[in-house]
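Report on one structure; see the data block that follows.
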Amino acid sequence: MPSEYKLVLKHVDQAGYSNDIKCYQKHGGYKTMKKVFKLKAKKTKDGVTTPQEIIRKEVLVSGLRGRGGAGFSAGMKWSFVDRKSGKPIYLICNADESEPGTFKDRQVMYKDPHQLIEGMVISCYANDVNLAYIYIRGEFPEGAKILNRAIAEAHKAGYLGKGICGTKFNLDIHVHRGAGAYICGEETGLIESLEGKRPYPRIKPPYFPAVLGLYMCPTIVNNVETLCNVRHVMEIGGTAYSELGTPGNTGTRIVSLSGQVKRPGYYEIEVGKATLGDLIFGKNFGQGLLDGRKLQAIIPGGSSSKVFREGESFKIKTKDKAGKEIEKKIDLLDIPYDFDTLMKCGSMSGSSAIIVIDDSVDIVEALGNLSDFYAHESCGQCTPCREGSLWMSKALKRMRSGQARKEDADYLKNIAHKIQGRTICAFGEACAWPVLSFVDKFRDKFDERGAEDEARLAESQMKEGVN
Amino acid sequence: MGVNVKEQNVETVAVKVDGRSIEVPRTTPNWEGKPEPTTVLQACKHAGIEIPHYCYHPKLPVVGNCRMCLVHVGMPGRPGPDGKQPTNEDGTTKIFPMQLPYEPQTPRGVIGCATAIMPGMEIYASSPETKEMRESVLESLLINHPLDCSICDQAGECKLQEYSYDHGQAESGFEEFKVHKPKAVDLGPRITLDAERCILCTRCIRFTKDVVGDDSLGIVNRGGYNTIATFPGESFNNNYTLNTVDICPVGALTSDDFRFQMRVWFLKETKSLCTDCGSGCNVTIGSRENKMYRYEPRQNDAVNGHWMCDSGRLNYKWIGREDRLSSLKGLEGKTTWPTVLKDVSDHLANADKGSVAIIASARQTNEELHLLTKLAKHIDAVTDSVPRKGKADNLLMIEDRNTNTTGAQILGITGKRVGSKLSSIKKGIESGELKTLIVFGEDVTKHGIDTKLLKKVTLIVSDILHNETTKAADFLLPGCAHAEKRGTFTNVKGRVQKFMKALEPPGDALPEWEFLHEIVHNVVGLEDFKTIEGLFNQMAGEVKAFKDAQLSWAKLGDHGLDVEL
């Protein structure tokens with residue numbers, strides 16, 4: 001029976017564990033940082049490998065993938081940084097945790113902030129960063145206070161500031177509070193916002209943060225959980241870390257489980273070592289649906305990931321034990337919760353937020369709710385998303401107010417198709433995918449709604465004698 | 001278009017546009033003039049194909065927000081382990097049309113304005129895939145846009161209207177209620193915003209911020225409710241606001257001065273110059289039935305780029321004033337040009353050497369000043385003009401508010417310090433040494449030569465509007481506004497530029513060069529041209545700076561030529 005594997009959340013929620021520096025140090029905090037500072041340059045046949053390069057190599061070897069949503073290799077992301085520009089390199093911790101259903105980063109920030117700071121110090125050291133920012137979501141005022149207090153403690157302890165721990169390394173971290181916009185989680189929108197502008201995502205090319213990021217300088221943007229994991233990679237070593245989880249999907253992940261399950265919450269698992277079924281029904285996790293309810297749908301990776309319908313199964317290409325490529329049928333609840341399998345099944349693990357929808361939920365209402373959110377959060381910079389997100393939300397509002405039409409399923413899909421792949425940032429997909437997947441997978445519900453409303457309209461027109 | 005880049009010896013990249021191979025320069029100047037990789041949109045322009053666009057403007061930073069320039073492209077495959085690019089069966093390089101990474105059956109577009117070309121790239125500028133992308137963007141732009149072109153002031157010069165005809169679909173799938181936004185908003189003293197018509201391309205914001213350096217425009221609200229606005233209580237009031245009306249692709253930003261005055265398709269367009277300062281911004285005059293309605297900046301990268309200032313743009317109302325000088329006045333009640341000009345010529349021909357002074361205007365054309373110089377030399381007249389200063393800004397407006405100071409200096413009408421001889425002219429009149437004063441386009445009573453003094457001389461005046469000097473004139477020769485004649489000005493940087501005639505002058509008024517030509521002919525005997533072209537070419541052959549630059553009327557073209565200062 002799969003159970004939790006606590007790495008990042010090791011001490012979080014332990015009785016007596018507090019978020020001050022003393023408690024953190026008592027539990028081995030900042031030891032990894034000190035260990036990292038002691039790394040010496042190595043001579044290799046290709047020349048000298050600096051301590052910074054050693055850390056970056058470890059992170060690459062660990063297979064650590066971004067925990068924010070895209071699941072891109074963290075080591076690879078670091079390798080794109082332009083280190084020859086002569087400009088300062090910045091690191092930004094993306095703490096704008098806003099994806100509906102996601103509540104993992106806040107656990108760390110609120111309950112174990114020094115873990116994040118340690119991870120950031122190591123990451124900054126590895127990338128020659130002397131100034132870092134934590135961009136925290138506006139709705140987390142308490143989190144910002146906690147982080148600021150933790151930063152002050154770290155300064156006092158000599159873990160931040162000038163000449164950290166007797167090295168020549170300097171680092172300052174500033175906490176910046178957002179003003180309450182989902183789009184600030186998009187890394188270039190975040191950068192614009194940090195620069196004091198409206199968070200309009202930048203076009204890529206040419207504005208890849210690794211080259212032209214904050215103040216047009218090379219910039220690394222990493223999620224809270226990713227940065228915490230860097231600390232664990234350096235603690236146990238890249239190879240050991242890569243043995244956690246499954247090949248290509250290494251380490252641990254904090255899953256936010258919400259919806260109509262008995263025990264919603266956050267659960268840290270080895271990536272791919274628990275299935276969707278385990279997480280929803282397992283004794284150690286969600287413990288199943290509320291009594292008398294049946295599963296209807298699962299949104300597997302935050303509200304923008306494509307929905308699964310109960311009973312679905314998938315044919316995916318995978319490798320057998322001998323490494324031979326085989327095609328395998330897999331049922332929805334047997335999907336291992338990782339990056340790649342979910343993608344092969346047509347959705348994604350995104351921000352690792354599972355939203356469980358039982359049979360008490362009206363699917364059209366549920367999609368309407370999501371679409372309202374995206375219409376509200378679209379920054380409005382580029383045409384397809386600005387116009388399309390509101391269009392879809394208006395259509396769903398109409399459908400929910402007794403004026404659905406038989407053609408509305410296609411109508412909705414048509415709008416979503418005009419958005420995905422045509423926008424500046426991934427918000428286009430984020431607002432189109434729920435619509436595309438809900439309509440595709442629950443077409444019967446949408447058609448039913450249209451037929452009902454049209455029949456009722458025809459009936460009332462007959463009564464009133466309207467042609 | 002079709003620049004023959006091979007001959008210009010620039011580094012090129014080979015791409016295909018709609019199946020046609022073309023070599024285009026590897027780099028193209030960006031909005032600030034710095035070389036940057038040539039984009040898909042620019043490559044298509046070389047191939048003679050316009051990629052529709054709203055937010056892209058060659059003189060503004062690229063933001064890629066309108067998505068109108070989405071184009072489907074294909075790329076050669078990445079080299080395999082053997083270092084070779086994938087090939088077709090016939091050995092040619094295999095091209096992979098771009099697809100959505102998560103949905104390989106769906107084509108993926110790139111924005112033409114910001115996507116650099118790559119060797120071997122194929123641009124499907126007119127493919128069904130590209131057309132579908134354009135249709136969908138246009139449909140999206142129109143869902144919340146009022147469909148009332150017939151009462152919109154932008155009709156006729158609206159990119160939304162034009163692209164809808166060229167690339168749009170006849171019907172919209174939109175079945176919901178439109179978003180309503182503020183209408184007829186006073187953004188500033190010269191600009192009115194209709195937020196419902198706005199397509200949020202942000203050209204106005206970028207122009208104001210990045211070109212003018214003014215942060216006064218921004219966007220408020222979110223998503224489909226986005227609206228252009230100023231800060232609460234603040235006014236959009238720099239001296240370049242009206243350029244936002246020009247670059248607004250739709251009818252969102254309109255000029256308070258021009259809106260609802262005239263349908264643009266009725267306007268006759270005439271290439272002209274702004275006369276408000278020495279910059280010589282190129283403009284287009286919009287006129288109909290001998291009435292001027294507007295100035296618009298005309299692109300000239302050597303002078304004003306795409307822009308002009310508001311004060312220059314709005315300084316045209318005097319041209320059509322009712323009280324313009326329109327009656328010729330001579331001695332003994334003579335009112336016809338042949339009789340008056342004969343008297344003027346006789347008077348000047350018989351004047352004692354050194355008894356005549358000419359106060360010309362540095363707002364006159366090169367040709368007029370050239371004729372005045374000729375006259376002055378012949379009768380040994382002292383000449384000068386009147387300085388006119390204002391505040392300069394950091395963009396186009398310069399301190400010197402005379403249009404043609406440089407021309408006046410090149411032609412010898414005035415020295416380095418304009419107006420330095422005015423006091424000696426005054427003394428000459430006082431002492432009785434000067435007996436005749438010729439004044440062009442200046443009210444000398446405002447420059448130390450009062451009406452009492454003017455009574456002591458024979459006063460020959462040409463002007464456009466009444467003033468104290470014209471009142472005192474013995475000979476009054478009504479002249480023309482620049483919009484009513486042809487000629488050239490030399491701007492502060494030494495660029496000689498010509499302007500064309502848009503309007504007929506009122507009453508007796510004649511282009512100054514015409515009657516000056518007559519006078520100079522009578523007094524000096526000059527006779528080798530009949531037209532402004534001939535006069536210019538004659539001047540260009542005589543005046544050293546113009547001669548060195550090998551100027552001719554024809555060579556000036558629409559954008560002028562530089563002379564060495």
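Throughout, a chain's letter reflects where its sequence line sits, starting with A, and its residues are numbered from 1.
Between the side chain of A/Arg198 and the backbone N or O of B/Ile219, at least one donor-acceptor pair lies under 3.5 Å. Under the 3.5 Å distance criterion, the side-chain polar atoms of B/Arg222 are left unmatched by any main-chain donor or acceptor of A/Ser378. Panel note: side chain A/Arg386, backbone B/Ile199; a donor-acceptor pair is recorded below 3.5 Å. A distance-only check finds a donor-acceptor pair linking the side chain of B/Asn226 to the backbone of A/Cys379 [under 3.5 Å].
By the neighbour-count criterion of 12 heavy atoms within 6.0 Å, atom CD of A/Glu327 is densely surrounded, having more than that number from other residues, nucleotides or ligands. For A/Met216, the CE atom sits in a packed shell: over 12 heavy atoms of surrounding residues, nucleotides or ligands are nearer than 6.0 Å.
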Working for salt bridge (Lys or Arg N to Asp or Glu O under 4.0 Å), residues A/Arg422 and B/Glu132: CA-CA 12 Å; A/Arg422 298 180 184 183; B/Glu132 193 275 324; 2.6 Å; yes

Derivation and outcome, side-chain contact (heavy atoms from CB on, under 4.5 Å), residues B/Tyr225 and A/Leu390: CA-CA 9 Å; B/Tyr225 300 98; A/Leu390 187 60; 3.7 Å; yes

From CA spacing to verdict: side-chain contact (heavy atoms from CB on, under 4.5 Å), A/Lys397, B/Glu176: CA-CA 10 Å; A/Lys397 219 163 245 160; B/Glu176 321 304 329; over 6 Å; no

Take B/Glu175 and A/Trp391 through the test side-chain contact (heavy atoms from CB on, under 4.5 Å) and record every step on the way to the result. CA-CA 9 Å; B/Glu175 291 286 342; A/Trp391 187 355; 6.0 Å; no

Can B/Asn65 and A/Thr383 be said to form a side-chain contact (heavy atoms from CB on, under 4.5 Å), step by step? CA-CA 7 Å; B/Asn65 66 33; A/Thr383 309; 5.7 Å; no

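Interface residue A/His417: only side-chain heavy atoms are found under 4.5 Å from chain B. Interface remark: A/Arg202 contributes no atoms to any contact with chain B (heavy atom separation under 4.5 Å). Proximity to chain B is limited to the backbone of A/Thr423, based on heavy atoms less than 4.5 angstrom apart. Residue contact with chain A, scored on non-hydrogen atoms closer than 4.5 Å, involves the backbone of B/Lys178 exclusively. Of the two parts of A/Glu377, the backbone and the side chain both hold a non-hydrogen atom closer than 4.5 Å to a non-hydrogen atom of chain B. In this structure, chain B has a heavy atom under 4.5 Å from the side chain of A/Tyr411, while its backbone stays farther away.
Inter-residue side-chain proximity for B/Met133 and A/Lys418 is flagged as unmet; no heavy-atom pair is nearer than 4.5 Å. Contact annotation: the side chain of B/Val179 approaches that of A/Lys394 to within less than 4.5 Å [non-hydrogen atoms, C-beta and beyond].
Rounding to the nearest 0.5 Å places CD of A/Gln420 at 4.0 Å from OH of B/Tyr102.
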